[in-house]
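Please read all numbers here as calculations on a predicted model, not as lab measurements.
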Amino acid sequence: MTAALNGIRVLDLSRILAGPWATQMLGDFGAEIIKIERPGEGDDTRRWGPPFVDGPDSPSAYFLTANRNKKSVCIDFTTAEGQQLIRDLAAKSDVLVENYKVGGLKKYGLDYDSLKAINPRLIYCSITGFGQDGPYAQRLGYDFLIQGMSGLMSVTGPPDGGPHKAGVALADIITGLYAGNAILAALHHRDQTGEGQQIDVALLDCMVAAMANQSLNRLVSGRDPGRLGNAHPSIVPYDTFPTADGYINLAVGNDRQFERLCVVLDVPDLAGDDRFATNRARVANRVELTARLTACLQLAPTTHWLDRLEAADVPAGPINSLGQTFDDPQVRHRGMALSMPHPVQGTVPGVASPIKFSQSPVVDSTAPPALGEQTAALLGDLLGLCPDALTALREKAIIG
């Protein structure tokens with residue numbers, strides 16, 4: 001079986017997380033990803049640690065996060081010769097992804113208009129903090145700033161505490177997913193029309209969109225939603241509850257599930273109480289109901305409740321550490337932890353693509369590349385540069 005994006009070549013000028021997350025997904029789907037890195041330095045995240053696989057000169061965990069199934073080519077495109085190499089590669093590519101400041105690549109002749117003249121079929125995806133236009137267009141965008149500006153931090157954290165960010169770079173990851181989807185849509189458009197195009201993806205736009213029901217709660221009600229800890233603004237009980245030896249998450253989404261919960265907790269009368277019989281009533285009386293459920297759940301340990309709630313088809317789950325997550329039998333069955341061969345370290349760990357295709361499976365994962373690992377081979381094969389030409393470029397530090 002052939003991977004879905006077999007034959008698609010992506011020139012990846014992005015670094016850090018949002019862009020590499022998008023291109024990693026395309027690589028998982030079978031596209032050839034040519035990751036352009038600075039000679040001698042590479043992607044900033046190569047040095048973002050600890051932890052490192054095997055000391056500070058080995059790959060960082062952060063770099064491994066978003067760079068599997070890629071080829072590393074080191075080119076200094078601040079030089080005229082380096083710029084020409086990028087143009088030559090763009091002429092032979094289907095997609096280019098970059099996350100430089102607005103207009104940052106224009107001075108090198110590597111902006112969309114310049115490369116469109118060379119390759120009209122090129123899909124050019126620009127990822128920035130705030131988009132290609134608007135009053136903030138020239139600002140630098142970082143995930144932490146975007147989590148605050150988008151409203152995410154205003155609804156994250158305990159109700160009596162300060163704002164909290166998510167525990168991962170959620171704005172970057174969501175933006176990468178939006179960018180990957182946009183690229184797939186643009187490839188389909190090109191198949192129909194023969195036209196390439198530029199895609200403008202902004203971290204702030206993506207995170208505002210991803211606020212989902214919270215955004216619409218504000219637009220519909222005219223009131224800002226506040227922080228509720230782990231509770232849900234529109235569903236009760238949908239929260240974290242203490243047990244006799246830890247905590248449990250309940251996600252009761254309808255009245256029938258609530259009735260079954262009450263049976264498990266041996267308080268069937270609650271389901272018939274007008275204050276709790278419907279979700280609207282439970283939301284209105286969340287404080288009293290939460291107190292009643294907490295008193296019940298604290299009478300027995302977590303595993304006791306999880307076993308009984310699962311048997312009763314009531315949505316509930318544990319709060320795992322990451323160690324427990326990767327030991328979970330479902331996560332193990334789905335093969336989410338990888339061990340990938342690496343040219344220097346022998347093997348490095350990774351997390352698998354979560355996508356399962358029936359007819360075009362994701363490619364077997366290759367480890368994130370060593371810096372410049374494929375420079376000579378790829379420039380030789382794809383651009384026809386002979387060994388002497390490659391040596392000359394290397395001596396002038398244009399490639400690495």
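- Smallest separation of non-hydrogen atoms from S360 and A3: CB-C, 4.0 Å.
- What you find for P368 and R68 is that their closest heavy atoms are CG-N, 3.7 Å.
- Residues L122 and K116 are not in side-chain contact: their nearest non-hydrogen atoms beyond the backbone lie 4.5 Å or more apart.
- Residues I34 and L110 share a hydrophobic cluster, clusters being chains of Ile/Leu/Val/Met/Phe/Trp/Tyr side chains in contact below 4.5 Å.
- Under a cut-off of 6.0 angstrom, the local environment of CZ in R47 is crowded, with over 12 non-hydrogen atoms contributed by other residues, nucleotides or ligands.
- Linking Ile, Leu, Val, Met, Phe, Trp and Tyr residues whenever their side-chain heavy atoms come within less than 4.5 Å leaves L145 and L204 in two separate clusters.
- A donor-acceptor pair under 3.5 Å is absent between the side-chain atoms of N249 and the main chain of G317, judged by distance alone.
- With values rounded to the nearest 0.5 angstrom, M25 atom CE is found 13.0 Å from N69 atom CG.
- Other residues, nucleotides and ligands contribute only 12 or fewer heavy atoms inside 6.0 Å of the CD atom of E310.
- Between D200 and Q198 the shortest side-chain heavy-atom distance does not fall below 4.5 Å.
- The shortest heavy-atom contact between L17 and A66 is CD1-CB, 3.9 Å.
- By the 4.5 Å heavy-atom criterion applied to side chains, K165 and T156 are not counted as neighbours.
- Proximity of L85 to L393: side-chain heavy atoms (C-beta onward) are separated by under 4.5 Å at one or more points.
- Nearest approach of N213 to P233, heavy atoms of both residues: ND2-CG, 4.2 Å.
- A salt bridge is absent between R286 and D239; no separation between the charged side-chain nitrogens and carboxylate oxygens falls under 4.0 Å.
- A ring pair (Phe, Tyr, Trp, His ring centres under 6.0 Å) check over residues 347-378, counting only residues at least two apart or in different chains, returns the pairs F29-F357.
- To the nearest 0.5 Å, the span separating CG on L5 from CG on L26 amounts to 6.0 Å.
- A continuous path of Ile, Leu, Val, Met, Phe, Trp and Tyr side chains, each step under 4.5 Å between heavy atoms, connects L170 with W48, placing both in one hydrophobic cluster.
- When side chains are defined from C-beta on, V344 does not count as touching S58, because their heavy atoms never get closer than 4.5 Å.
- Taking 4.5 Å as the limit, every side-chain heavy atom of L270 sits out of range of all side-chain heavy atoms of L265.
- Atom CD1 of I118 is separated from atom OG of S93 by 11.0 Å, given to the nearest 0.5 angstrom.
- F63 forms part of no hydrophobic cluster, judged by ILVMFWY side-chain heavy-atom separations under 4.5 Å.
- Cluster membership check: I173 shares its hydrophobic cluster with L184, using side-chain heavy-atom separations under 4.5 Å among Ile, Leu, Val, Met, Phe, Trp and Tyr.
- To the nearest 0.5 Å, the span separating CE on M340 from CG on D364 amounts to 12.0 Å.
- The backbone N or O of P20 lies less than 3.5 Å from a partner atom in the side chain of T23, making a donor-acceptor pair.
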Inset, instruction - Determine, stepwise, if the pair T128 / K101 fulfils side chain to side chain contact (heavy atoms under 4.5 Å, CB included). - result: CA-CA 7 Å; T128 58; K101 285 186 64 176; over 6 Å; no
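- The same ILVMFWY cluster, assembled from side-chain heavy atoms under 4.5 Å apart, contains both I36 and I398.
- Heavy atoms of other residues, nucleotides or ligands lying less than 6.0 angstrom from CZ of R260 number more than 12.
- For K107, the NZ atom sits in a loose shell: 12 or fewer heavy atoms of surrounding residues, nucleotides or ligands are nearer than 6.0 Å.
- Ion pairing between a basic and an acidic side chain is recognised when a charged N comes within 4.0 Å of a carboxylate O; R218 and D224 show such pairing.
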Inset, instruction - Give the C-alpha distance, both sets of side-chain angles, the deciding distance and a yes or no for side chain to side chain contact (heavy atoms under 4.5 Å, CB included) between L115 and N119. - result: CA-CA 6 Å; L115 296 183; N119 181 1; over 6 Å; no
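- Judged by distance alone, the side chain of D111 and the main-chain N or O of G103 form no donor-acceptor pair under 3.5 Å.
- In this model, no donor atom of one side chain and acceptor atom of the other lie less than 3.5 Å apart for D328 and Q324.
- Each ring pair (Phe, Tyr, Trp, His ring centres under 6.0 Å) pair with one or both residues in residues 136-192, not counting sequence neighbours, appears once here: F130-Y136.
- Nearest heavy-atom pair across P369 and K71 is CG-C, 4.2 Å.
- Among pairs with a residue in residues 74-92, those fulfilling salt bridge (Lys or Arg N to Asp or Glu O under 4.0 Å) read E81-K396, at least two apart in sequence or across chains.
- Counting non-hydrogen atoms of other residues, nucleotides and ligands closer than 6.0 Å to CG of D266 gives a total of 12 or fewer.
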Inset, instruction - Would you check, one step at a time, whether the test side chain to side chain contact (heavy atoms under 4.5 Å, CB included) holds for D172 with L203? - result: CA-CA 7 Å; D172 278 337; L203 271 70; 3.2 Å; yes
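- Side-chain atoms of R227 come within 3.5 Å of backbone N or O of G161 as a donor-acceptor pair.
- Here the OG1 atom belonging to T375 is positioned 7.0 Å from the CD1 atom belonging to I75, to the nearest 0.5 angstrom.
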Inset, instruction - Evaluate the criterion side chain to side chain contact (heavy atoms under 4.5 Å, CB included) for residue pair L289 and V236; output intermediate values, then yes/no. - result: CA-CA 9 Å; L289 178 58; V236 175; 3.8 Å; yes
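- Within the 3.5 Å criterion, the main-chain N or O of A166 finds a donor-acceptor partner in the side chain of Q147.
- Between the side chain of S60 and the main chain of T45, a donor-acceptor pair closer than 3.5 Å is present.
- Atom CD1 of residue I319 and atom CG of residue N230 lie 6.5 Å apart, to the nearest 0.5 angstrom.
- At least one side-chain heavy atom of Q374 sits under 4.5 Å from a side-chain heavy atom of S72.
- Other residues, nucleotides and ligands place more than 12 heavy atoms under 6.0 Å from the CZ atom of F326.
- The shortest heavy-atom contact between D28 and S353 is OD2-CB, 3.4 Å.
- Contact check for W21 versus T65: side-chain heavy atoms found under the 4.5 Å cut-off.
- No donor-acceptor pair closer than 3.5 Å links the side chain of D43 to the backbone N or O of R46.
- Checking each of E37, Q24, K35, R15 against N67 for a side chain to side chain donor-acceptor pair (under 3.5 Å) leaves exactly one that passes, namely K35.
- Although no hydrogens or angles enter the test, the distance criterion places no donor-acceptor pair under 3.5 Å between the side chain of R190 and the main chain of G196.
- Each ring pair (Phe, Tyr, Trp, His ring centres under 6.0 Å) pair with one or both residues in residues 104-125, not counting sequence neighbours, appears once here: F77-Y108, Y112-Y124.
- Taking a cutoff of 4.0 Å between a charged side-chain nitrogen and a carboxylate oxygen, R38 and D44 qualify as a salt bridge.
- Pairs passing the ring pair (Phe, Tyr, Trp, His ring centres under 6.0 Å) check and including a residue from residues 190-243, sequence neighbours excluded, read H232-Y238.
- In this structure a side-chain-to-backbone donor-acceptor pair under 3.5 Å is present from N279 to S234.
- The existence of a salt bridge linking D113 and K106 is excluded, since no basic side-chain nitrogen approaches an acidic carboxylate oxygen closer than 4.0 Å.
- Panel note: side chain D94, backbone I123; no donor-acceptor pair is recorded below 3.5 Å.
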